[in-house]
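Reading through the structure tokens given below for one structure.
For the numbers below, each heavy atom of this structure counts, side chains included, while hydrogens, waters and symmetry mates do not.
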Amino acid sequence: VRHPLYLCEILGVVAILLQYRSLSATALSVLIVTLQIARALWEEAVLVRAFPDFAAYRSHTPFLIPRDPVRLLTMFFVDPIARRRSVMVVAGTIGLLMLVLVMLPRLAGL
């Protein structure tokens, strides 16, 4: 997709909505999703002006939803480079969380 970061942020907002399930959370979620889509469209307008080849990239790459989500997910099982990168991201995230868990009490003086 052309905007994977915005997609993940929207998925995070949906996850928070599922946690709180209230009218105010729904309204806030709709506002955030609307702003993220507007932000992505504004970014694309800037990219079209800055990079002449962006129009060709945009014509064959989906905006936020992958054309074939099943193929995207199976890529992590089939492609060794994608699998290796995924393992590195997960390991880095776990390492960072462990660092925070160790250092936070020390920084807080606990």
Side-chain angles (χ1 to χ4, degrees):
V1 296
R2 291 192 308 262
H3 301 283
L5 179 61
Y6 298 148
L7 175 61
C8 290
E9 289 174 358
I10 289 170
L11 291 175
V13 167
V14 170
I16 292 170
L17 173 64
L18 291 174
Q19 181 180 1
Y20 288 101
R21 293 185 303 239
S22 69
L23 186 58
S24 57
T26 303
L28 186 59
S29 298
V30 167
L31 176 66
I32 291 171
V33 168
T34 303
L35 289 174
Q36 289 290 51
I37 291 172
R39 185 175 156 197
L41 292 171
W42 173 81
E43 182 180 296
E44 285 196 353
V46 171
L47 290 171
V48 164
R49 288 191 306 271
F51 301 103
D53 294 339
F54 186 76
Y57 170 73
R58 187 166 70 176
S59 69
H60 67 78
T61 305
F63 183 66
L64 278 176
I65 310 290
R67 286 189 185 104
D68 189 1
V70 174
R71 182 175 162 256
L72 176 70
L73 293 174
T74 57
M75 175 184 69
F76 293 105
F77 297 109
V78 175
D79 185 9
I81 294 173
R83 189 171 46 245
R84 193 173 318 128
R85 287 180 182 166
S86 299
V87 168
M88 289 173 57
V89 167
V90 170
T93 303
I94 291 171
L96 184 61
L97 287 173
M98 295 303 290
L99 181 66
V100 167
L101 287 174
V102 168
M103 293 305 295
L104 194 60
R106 292 181 184 173
L107 293 173
L110 299 175

Approximate separation, where rounding is to 0.5 Å, of [X] [atom1] and [Y] [atom2]:
X: L64; Y: L11; atom1: CG; atom2: CG; value: 9.5 Å
X: T26; Y: L31; atom1: OG1; atom2: CG; value: 12.5 Å
X: T74; Y: D79; atom1: OG1; atom2: CG; value: 10.0 Å
X: L101; Y: L96; atom1: CG; atom2: CG; value: 9.5 Å
X: L41; Y: E43; atom1: CG; atom2: CD; value: 10.0 Å
X: Q36; Y: L5; atom1: CD; atom2: CG; value: 7.5 Å

Close side-chain approach of V1 and Y6, heavy atoms under 4.5 Å: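 Counting from C-beta outward, V1 and Y6 never come under 4.5 Å.
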
Just by distance, no angles: are the side chains of E44 and H3 close enough, under 3.5 Å, to form a donor-acceptor pair?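 Looking only at side-chain atoms, H3 and E44 do form a donor-acceptor pair, the distance falling under 3.5 Å.
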
With a 6.0 Å cut-off (strictly less than), is the heavy-atom count around [atom1] of [X], excluding the residue itself, greater than 12?
X: R85; atom1: CZ; answer: no
X: Y20; atom1: OH; answer: no
X: R67; atom1: CZ; answer: yes

Of V48, D53, L47, which is the lone residue that meets side chain to side chain contact (heavy atoms under 4.5 Å, CB included) with F51?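 Single side chain to side chain contact (heavy atoms under 4.5 Å, CB included) partner of F51 among V48, D53, L47: L47.
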
Applying the side chain to side chain contact (heavy atoms under 4.5 Å, CB included) criterion to S29, which one of L17, V14, I16, I10 satisfies it?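 Among the candidates, only L17 passes.
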
